[in-house]
Protein chains: 2
Amino acid sequence: MVMPERKVPLPTVQRLSVYRKVLEELHRDGVEFVYSQQLADLAGVTSAQLRRDLASFGSFGNIARGYNVYQLSRTMARLLGTDRVQSVALIGVGDLGRAMLSYRGFEERGFHIAVAFDLDAEKVGRVYAGRRCHAMTDLETVVKEFSVKIAILACGPQRLQVTVDRLASAGVKLFLNFVPKRVVTPPDGWVEEIDIAARLERLSFFGQAGVQE
Amino acid sequence: MVMPERKVPLPTVQRLSVYRKVLEELHRDGVEFVYSQQLADLAGVTSAQLRRDLASFGSFGNIARGYNVYQLSRTMARLLGTDRVQSVALIGVGDLGRAMLSYRGFEERGFHIAVAFDLDAEKVGRVYAGRRCHAMTDLETVVKEFSVKIAILACGPQRLQVTVDRLASAGVKLFLNFVPKRVVTPPDGWVEEIDIAARLERLSFFGQAGVQE
DNA sequence: CCCTGTGAACCCCTTCACAGCT
DNA sequence: AGCTGTGAAGGGGTTCACAGGG
């Protein structure tokens, strides 16, 4: 067991997902070994970058044959924690929330949305894509019951911070936040922000600024 | 008119959206002036960061009273290009695509999804949330008809690159890509990637690595 | 005094280039 | 010969700290 105590650059973690995805495709195609140059091309980075990234984890590639595709893929899944199924809670069963429930790509990477929650009494008790919608009142109990470790925030901005804090004290420390409102990260927690409109604004900015390759 | 020819750091653009959002709230609350320290706190950055960011655009704050909230908000909207309505095309009317069609926050920031497209013959001709779904065959003509400048990619991975290239030659150079597949950016184009599953993987990574504040 | 704007230091990530191994 | 892993250099963004102005 490698306790990775030396800290890993954030951009490196981001690229890990890309590498793993490419490696999976290579594995499906029956490729056994790749050189850093090939893998880097497929992932859209430089070979130096790739080797440096892998070195963050002390991984070893075979000098003569490059990297063992399957082995490296497994290693990355283990590093990312996607080598096992993790329970996820969905907060907010609006349009975006329902899209998350039916999103392929979650299950196949080991993320299982086990439960959903909503403020709307209309929705509570109903079943969406096989997952029951619970009342916000039952947040703590249900979340513990299903051993939830990750929450997807797709609700309205009202009482968002309160919900996050409640989840955090119930043991949920990881958040994927689609709500365009600043959330104070709980101690020991981690929040990934996805502000879709902000991304469009960035596009808009570069669109009128003229583009530098 | 300040033609911002000096290049702006990418992270700065990202933070611009946050500043503008905070400024809007302040404006709604009737606040006229803010100091960099206050605005920075609300946006979750340091005051030095904020002042440096603003300096990228050569903006001036009043030394005695800080920044004029409304004026700065307007300036930022102009910089981002959100001071006018922009037509957006949606590619793929699946669950995620339909969520995009009903997403508030787009319209209020000047982004109007004017048209949708789908491969599925079932969906072509139907109207979703007020927007008609067109056949992929009509991509070029419809896109030009509606003066579309931005495309949201929420379709399957098949033929994604082809679609991007077709859009690019039809004048659509800006892409918000939800499809977890690498897209080669067309010349003069810009692609914002949103890989939701990859973000969950990042969460998972930090969750098991232990968290460093 | 206390604010903004900014040179300069600092830090972290990327890129270069090569030693070492096969 | 050719590839990996890695010191060392390079570059870009953040933070420090202060000059300058009301």
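Each chain gets a letter, A, B and so on, in the order its sequence line appears, and its residues count up from 1. These numbers come from the heavy atoms of this one structure, side chains and all, not from hydrogens, waters or symmetry mates. Bear in mind the structure is a predicted one, so any value in this text is a computation, not a measurement.
- Atom CZ in A:Phe60 sits about 7 Å away from atom P in D:dG5, given to the nearest Å.
- Taking atom CD of B:Gln49 as the reference point, atom P of C:dT6 lies 16 Å away to the nearest angstrom.
- When side chains are defined from C-beta on, B:Val148 does not count as touching B:Val88, because their heavy atoms never get closer than 4.5 Å.
- Considering CZ of B:Phe146 and CD1 of B:Ile113, their distance stands at 13.0 Å, rounded to 0.5 Å.
- If you check the side chains of B:Ser36 and B:Arg51, you find a donor sitting under 3.5 Å from an acceptor.
- A 4.5 Å side-chain heavy-atom check between B:Asp195 and B:Arg202 finds every atom pair outside the cut-off.
- Atom C1' of nucleotide C:dC1 and atom CD1 of B:Ile63 are separated by 14 Å, given to the nearest angstrom.
- Side-chain proximity of A:Ala64 to C:dC13, D:dC3, C:dT22: nearest is C:dT22.
- Remark: C1' of D:dG12 and CG of B:Leu10 are 12 Å apart, rounded to the nearest angstrom.
- Between B:Arg20 and A:Glu201 a salt bridge is recorded (basic side-chain N to carboxylate O distance below 4.0 Å).
- You'll find that the side chain of B:Tyr67 is closest to C:dG5, out of C:dG5, C:dC13, D:dT15.
- OP1 or OP2 of C:dG5 has not a single side-chain nitrogen or oxygen of B:Tyr35 nearer than 4.0 Å.
- Between the C1' atom of D:dT14 and the CG atom of B:Asp53 lies a distance of 10 Å, rounded to the nearest Å.
- Across residues 37-48 of chain A, not one residue has a non-hydrogen atom less than 4.0 Å from an atom of DNA chain D.
- Residue B:Gln14 contributes atom CD, which lies 10 Å from atom P of D:dT14 at whole-angstrom precision.
- Using a cut-off of 4.0 Å between Lys/Arg side-chain N and Asp/Glu carboxylate O, B:Arg15 and B:Asp53 are scored as salt-bridged.
- With the nearest nucleotide of DNA chain C identified for both B:Asn62 and A:Arg51, B:Asn62 has the one nearer the 5' end.
- Of the N and O atoms on the side chains of B:Glu107 and B:His112, at least one donor lies less than 3.5 Å from an acceptor on the other residue.
- Rounded to whole angstrom, the span from the CZ atom of B:Phe57 across to the P atom of C:dG5 amounts to 14 Å.
- The 5' end of DNA chain C is approached more closely, in terms of each residue's nearest nucleotide, by B:Val34 than by the other of B:Arg52 and B:Val34.
- Going from atom CG of B:Leu50 over to atom P of C:dT6 covers 14 Å, rounded to whole Å.
- Residue A:Arg15 places at least one side-chain N or O under 4.0 Å from the OP1 or OP2 atom of C:dT14.
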